[in-house]
There are 2 protein chains.
Amino acid sequence: MPDTSSCQFEQRPRRLVMGAVGLQPDFCKMCNVRPSSVCSAIEDADIARLSEAAVETIVPPGRCFIEEGEPATDFFNVTSGTVKLFKALPDGRRQITGFAGPGHFLGLAVSDRYAFGAEAVDTVRLCRFSRERMRGLLDDFPRMERRLLEEASNELVAAQNQMLLLGRKTARERVASFLLDQANHGELNAAGQLHLPMTRGDIADYLGLTIETVSRTLSWMRAQGMIDVGKGYAITLLSQERLESLAEGED
Amino acid sequence: MPDTSSCQFEQRPRRLVMGAVGLQPDFCKMCNVRPSSVCSAIEDADIARLSEAAVETIVPPGRCFIEEGEPATDFFNVTSGTVKLFKALPDGRRQITGFAGPGHFLGLAVSDRYAFGAEAVDTVRLCRFSRERMRGLLDDFPRMERRLLEEASNELVAAQNQMLLLGRKTARERVASFLLDQANHGELNAAGQLHLPMTRGDIADYLGLTIETVSRTLSWMRAQGMIDVGKGYAITLLSQERLESLAEGED
DNA sequence: GCTCTGCATTGATTTATATCAAGGGGTCAT
DNA sequence: ATGACCCCTTGATATAAATCAATGCAGAGC
């Protein structure tokens, strides 16, 4: 399942065994999933420093590994799987603010407490750094800081799009936007079929809808011939064009 | 109106006259409105470089100075006034993604196009940099990059809170959250009275509601004795406590 | 094999908020 | 002054989506 062939550094693999815990932080993967400046910024000589600081962690589906409001001790980089980030109200209402896939950084917050929770959607692998060490790394690798700024800026753009979706789009527009987003983030296989790792409940909490509305909307799209809903979590986009015009409210 | 007494660097004022345009970029203000690392990072010797790069601009109320989708040529720092940032759908539906006050940076986006529009709510003063120059400045002042990362992280937290608001809160909870946010951002005068620079329409577009719902909700809060709605844009918070429990859905 | 549990779908009904509509009180230019 | 315009408020009605409710399906454990 972990696709090492997609690693652009495959020619000179860099698997490092962690003495302390016996796990292998795969910096190749950590850096390359999104081709980025951080990769070229990290020289062979620096790898030792990084390997000291990082611990590879495996999180099973459904396990919450960042609790909103807890002290922000660690900083993460996702290497495989999907994480849901969320905020909740005291009465249980929950808003998923984003899904983080391979390459995403978690725990950027400046505050000393996590501002959100994080839970594994499927099996998730991630590199964990203590924030203390992370601070040191940023001092030594200024280009890493630039990489983080880039990442944060991208997330900010995504957040603004999501605010437009949550504040002003109809249920149909929301679901169409979501399917297209997922398709554009490489979760699409050859036949245009999408494998959604998350449940209807997660989608609902991400789109500010209820499970029932998500389900009904998908059924409606299927009836319209826009999509094909397969067993489990597979969805085929039959008319990307119509979904796009729907997502932007052009009808 | 511009409150120079709040400038923490008042002891050694640094007003620089721009030869080219005859305007005065006030770096003191630009840096200090939020006490930040960038200030200590900028030495006297660097000021010349900054003054070369920045142009102070005054934007009248209602003027749109960033158009969504246009080439992202400039980078801004607000020195006074309030800016609304927004995204719109083709049919005119509009979502205000945030209000930017003194100290905020605009135009962080990595892309070569602006991902959002920006319009002055009241009279706005800002420092404008070309992105090209900004890039050079970031190379020379790494601490400025750290400051931007901090800023972006804070905005990300705010965006997550806003997603929770837009996706899961009721109209009453949204308006209560908004009033408390505004109060916490220093827009509060001695008597707990809040001066909102924006119209009901702006508030509605920020909270994902209609003008009518915002108006009705404020009337309801007044009837409940939570607030007092004065003439124009002044609002007094009579029971911050009740507003807080309302904002978090505890009732 | 069975039951239990979680997830998804679909239908009936309710409700919060949008939409439509009217009127009041500023401000500005004529 | 007068009218035009904008913003706000309030009321009546419509509607999209939530809620309540029932059913089906699939995997896990016994």
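Here is how names work: the chains are called A, B, and so on, in the same order as the sequence lines, proteins then strands, and each is numbered from 1.
- In this structure, A:R93 and B:T170 have side chains that are in contact, with non-hydrogen atoms separated by less than 4.5 Å.
- The residues A:R63 and A:E119 are annotated as not salt-bridged, no charged nitrogen and carboxylate oxygen being separated by less than 4.0 angstrom.
- Of the residues A:D205, A:T97, A:D202, the one that meets the side-chain contact (heavy atoms from CB on, under 4.5 Å) test with A:K84 is A:D202.
- Remark: the A:K169 side chain and the A:S177 side chain contain an N/O donor-acceptor pair separated by less than 3.5 Å.
- Every residue meeting the ring-ring contact (aromatic ring centres under 6.0 Å, His included) condition with B:F75, not counting sequence neighbours, appears here in chain and number order: B:F105.
- The distance from atom CH2 of B:W220 to atom P of D:dT9 is 16 Å, rounded to the nearest whole Å.
- Taking the six-membered ring where the residue is Trp, B:F178 and B:Y206 present perpendicular rings, their angle passing 60° and hence far from 30°.
- Judged by distance alone with a 3.5 Å cut-off, a donor-acceptor contact links the side chain of A:R216 to the base of D:dT19.
- In this structure, the separation between CG on A:L246 and CZ on A:R174 is 12.5 Å, given to the nearest 0.5 Å.
- Every residue two or more places apart in sequence or in another chain that forms a side chain to side chain contact (heavy atoms under 4.5 Å, CB included) with A:P71 is listed here: A:T73, A:R113.
- Salt bridge annotation for B:E56-B:R125: present, with a cationic side-chain nitrogen under 4.0 angstrom from a carboxylate oxygen.
- Residues from residues 83-95 of chain A with heavy atoms under 4.0 angstrom of DNA chain C: there are none.
- Taken over five-pair windows at either terminus, the axes of the helix from C:dG1-D:dC30 to C:dT30-D:dA1 are inclined to one another by 30° (rounded to 10 degrees).
- A cation-pi contact, defined as under 6.0 Å to the ring centre and within 45° of the axis, is absent between A:R128 and A:F76.
- Where DNA chain C meets chain A (any atom under 4.0 Å from a heavy atom), the bounding nucleotides read 5' to 3' are C:dC7 to C:dA12.
- Contact of the B:H104 side chain with the B:E155 side chain is registered, since non-hydrogen atoms from C-beta on lie closer than 4.5 Å.
- Within residues 204-212 of chain A, the residues having any heavy atom under 4.0 Å from DNA chain D are, by residue number, A:G208, A:L209, A:T210, A:E212.
- Among the atoms of the strands shown, only primed sugar atoms or phosphate atoms (P, OP1, OP2) are found under 4.0 Å from some heavy atom of A:R222.
- Here the straight-line distance linking atom CZ of A:R242 with atom CE of A:M221 works out to 10.5 Å at 0.5 Å rounding.
- Summarising the geometry, the separation between CE on B:M221 and P on D:dT9 is reported as 13 Å, rounded to the nearest angstrom.
- Counting heavy atoms from C-beta on, the side chains of A:H195 and A:Y233 come closer than 4.5 Å.
- When each of A:R168 and A:T213 is assigned the nucleotide of DNA chain C with its nearest heavy atom, A:T213 is the one assigned upstream, toward the 5' end.
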